[in-house]
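One structure is given below, encoded as structure tokens.
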Amino acid sequence: MIQLKSINKRYLHEHVLDNISCTLPDIGFVSLIGPSGCGKSTLLKIIAGLEKNDTGLVTVDGNEVKGP
């Protein structure tokens, strides 16, 4: 299970992700949809540990994501 708690990410003076919280089950499919530039790829990079979020917590099976 993947849990996102109050994820925030900012580039310069622009909020890309603002207080994102959700729980993703370990079975099934999830789709992220939205317009270009809304933060879909940034969120996936944060979940994968490839990019650092500014605030908040990402856990996979109860373990904090600290890197790839």
Side-chain angles (χ1 to χ4, degrees):
M1 175 171 27
I2 299 171
Q3 290 187 311
L4 308 172
K5 296 179 184 175
S6 301
I7 300 299
N8 290 285
K9 181 66 178 181
R10 185 178 185 146
Y11 291 117
L12 298 176
H13 301 291
E14 181 181 355
H15 284 279
V16 177
L17 301 173
D18 189 18
N19 200 30
I20 304 295
S21 296
C22 67
T23 300
L24 306 174
D26 56 359
I27 189 168
F29 293 92
V30 175
S31 296
L32 294 176
I33 56 173
S36 178
C38 73
K40 300 178 301 289
S41 295
T42 299
L43 183 59
L44 290 174
K45 289 176 187 175
I46 289 171
I47 292 170
L50 300 173
E51 191 162 326
K52 184 74 175 133
N53 47 306
D54 294 334
T55 61
L57 179 66
V58 178
T59 60
V60 175
D61 294 331
N63 299 310
E64 183 178 356
V65 174
K66 296 182 179 180

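Since this is a predicted model, take the numbers as computed values, not measurements.
Note that NZ of K9 and CD of E14 are 12.5 Å apart. Values are rounded to the nearest 0.5 Å. If you take SG on C22 and CD on Q3, they are separated by 9.0 Å, rounding to the nearest 0.5 Å. Summarising the geometry, atom NE2 belonging to H15 is positioned 9.0 Å from atom CG belonging to D54; distances are rounded to the nearest 0.5 Å. The CG atom of D61 sits 7.5 Å away from atom CE of M1, with the distance rounded to the nearest 0.5 Å. To the nearest 0.5 Å, atom CG of residue D26 and atom CD1 of residue I2 are 9.0 Å apart. For the atom pair CG (L43) and CG (L17), the distance works out to 5.5 Å, reported to the nearest 0.5 Å.
When hydrophobic clusters are built by joining Ile, Leu, Val, Met, Phe, Trp and Tyr residues whose side-chain heavy atoms come closer than 4.5 Å, directly or via intermediates, I47 is grouped together with Y11. Clustering ILVMFWY residues whenever any of their side-chain heavy atoms sit less than 4.5 angstrom apart, transitively, puts L44 in the very cluster that holds V65. Follow the hydrophobic side-chain contacts under 4.5 Å out from L57 and you never reach L4; the two are in separate clusters.
The main-chain N or O of P35 is found under 3.5 Å from a side-chain atom of K40 such that the two form a donor-acceptor pair. Side-chain N or O atoms of S21 include one that pairs as donor or acceptor with a backbone N or O of S6 at under 3.5 Å.
Side-chain contact check for N19 versus N8: some heavy-atom pair is nearer than 4.5 Å.
Minimum heavy-atom separation, T55 to N53: O-ND2, 3.0 Å.
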